[in-house]
Amino acid sequence: MTAIGAQAPRLLAHRRSQKSFFETLIRSLIILCVAIAVVLSSISVCDGRWLFARGQLFGLWHFCTISNGSVLNCVTDLSLAKVEGLSVGVIPIRSMVSFAVVVAIFGLELLMVSQVCEDANARRKWSMGSVLILGSFLLSASGVLSFSILVKDHLTFMGFTLTYWCEFIAAFLFFLNGISGLHINSLTHPRNRVGKI
């Protein structure tokens, strides 16, 4: 009994340190998808031109009109768009989507560090990273929804630009991978393994 009792902690530590190929693959895919979402969101925020309607291009940073069929005239004064509340309402939207990228980068860093440095806090870092990714989803989705509400009178499904859809897909990926990260961490938590030994 004494020998078995002495070997049990070592067996538990050995099993804790080993991760299945499937778990490693899932975690790697989550990190990859979050990285893709960060790139998509960054492109969308930097370009910022999200809606084309009636020869006008509405964005986070510029308002553009098309003249002579092809010449694009852009200004930073969004009040010229003559959309009620756009010039003021777009300020918090810029902040939300920009901050979403920053939070996602920190979340991605925690996810990667938790996989590279297998220490006692690896799972906690993974959980914190997943929570930050979910926070990015909330910020990004709020920005997309708020922008859609501001320009509701000009909305058409075909009017949304590629950069708008980049932000939309990024928000979806943030949600999917944040939830998946928390779920896989709960499935593989060491406390769940203690009962199986």
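For F63 against F58, the heavy-atom pair with the smallest separation is CE1-CE2, 3.7 Å. Residues V38 and I105 come closest through the heavy atom pair CG1-CG1, 3.8 Å. The heavy-atom pair separating F160 from L155 by the smallest distance is CZ-CD2, 3.4 Å. Closest approach of Y164 and V144 over heavy atoms only: OH-CG1, 3.2 Å. Counting all heavy atoms, side chain and backbone alike, Q56 lies closest to T65 at CG-CG2, 4.3 Å.
L176 and I133 are members of different hydrophobic clusters when ILVMFWY side chains are connected at heavy-atom separations under 4.5 Å. Using a 4.5 Å cut-off between side-chain heavy atoms of Ile, Leu, Val, Met, Phe, Trp and Tyr, with links allowed through other members, F99 and L134 fall into the same hydrophobic cluster. Under a hydrophobic clustering in which Ile, Leu, Val, Met, Phe, Trp and Tyr are joined whenever their side-chain heavy atoms come within less than 4.5 Å, directly or via other members, L162 and W61 fall into different clusters. In the hydrophobic clustering of ILVMFWY residues, with side-chain heavy atoms under 4.5 Å counting as a link, I43 and M96 come out apart. Put simply, I26 and I31 are part of the same group of oily side chains (I, L, V, M, F, W, Y) that touch within less than 4.5 Å, one to the next.
Going from atom CZ of F168 over to atom OG of S41 covers 13.5 Å, rounded to the nearest 0.5 Å. The structure places CG of L51 at 8.5 Å from NE2 of H154, a figure rounded to the nearest 0.5 Å. Atom-to-atom distance recorded for I30:CD1 and N185:CG is 9.0 Å, nearest 0.5 angstrom. The CG atom of L57 sits 11.5 Å away from the CG atom of N73 when rounded to the nearest 0.5 Å.
Of the N and O atoms on the side chains of W50 and S44, at least one donor lies less than 3.5 Å from an acceptor on the other residue.
Considering only residues two or more places apart in sequence or on other chains, S42 meets the side chain to side chain donor-acceptor pair (under 3.5 Å) condition with none of them. Listed by chain and number, the residues in a side-chain contact (heavy atoms from CB on, under 4.5 Å) with L25 are F21, L29 (sequence neighbours excluded). The side-chain contact (heavy atoms from CB on, under 4.5 Å) search around D153 returns none, not counting sequence neighbours. Under the rule for a disulfide (SG to SG under 2.5 Å), C46 has no partner lying at least two apart in sequence or in another chain. Every residue two or more places apart in sequence or in another chain was checked for a side chain to side chain donor-acceptor pair (under 3.5 Å) with S98, and none qualifies.
Sorted by first then second residue, the salt bridge (Lys or Arg N to Asp or Glu O under 4.0 Å) pairs that include residues 124-150, not counting sequence neighbours, are D119-K125. Applying the side chain to side chain donor-acceptor pair (under 3.5 Å) test to every pair with at least one member in residues 128-145, sequence neighbours left out, gives these pairs: S140-E167. Within the structure, the disulfide (SG to SG under 2.5 Å) test picks out the following pairs touching residues 73-160 (sequence neighbours left out): C64-C74. The ring pair (Phe, Tyr, Trp, His ring centres under 6.0 Å) analysis of residues 105-145, with sequence neighbours excluded, yields the pairs F137-F175.
Applying the under-4.5 Å side-chain rule to Ile, Leu, Val, Met, Phe, Trp and Tyr, the cluster around L32 extends to I36, L40, I169, L173. Applying the 4.5 Å side-chain rule to ILVMFWY residues, one finds I149 in the same cluster as L145.
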Check your understanding: Should V103 and L139 be marked as a side-chain contact (heavy atoms from CB on, under 4.5 Å) after you check the CA-CA gap, both sets of side-chain angles, and the distance that decides it?
Key -> CA-CA 9 Å; V103 172; L139 290 167; 4.2 Å; yes
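With T161 contributing its side chain and R49 its backbone, the two residues share a donor-acceptor pair below 3.5 Å. The backbone N or O of H183 lies less than 3.5 Å from a partner atom in the side chain of S186, making a donor-acceptor pair.
For the side-chain contact (heavy atoms from CB on, under 4.5 Å) with L108, the lone residue among N177, L132, V34 that qualifies is V34.
Side-chain contact check for F52 versus I66: some heavy-atom pair is nearer than 4.5 Å.
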Side-chain donor-acceptor pairs of residues 83-95 under 3.5 Å, sequence neighbours excluded:
residue, atom, partner, partner atom, Å
R94, NE, L60, O, 2.5
R94, NH2, L60, O, 2.9
S95, OG, I91, O, 3.1

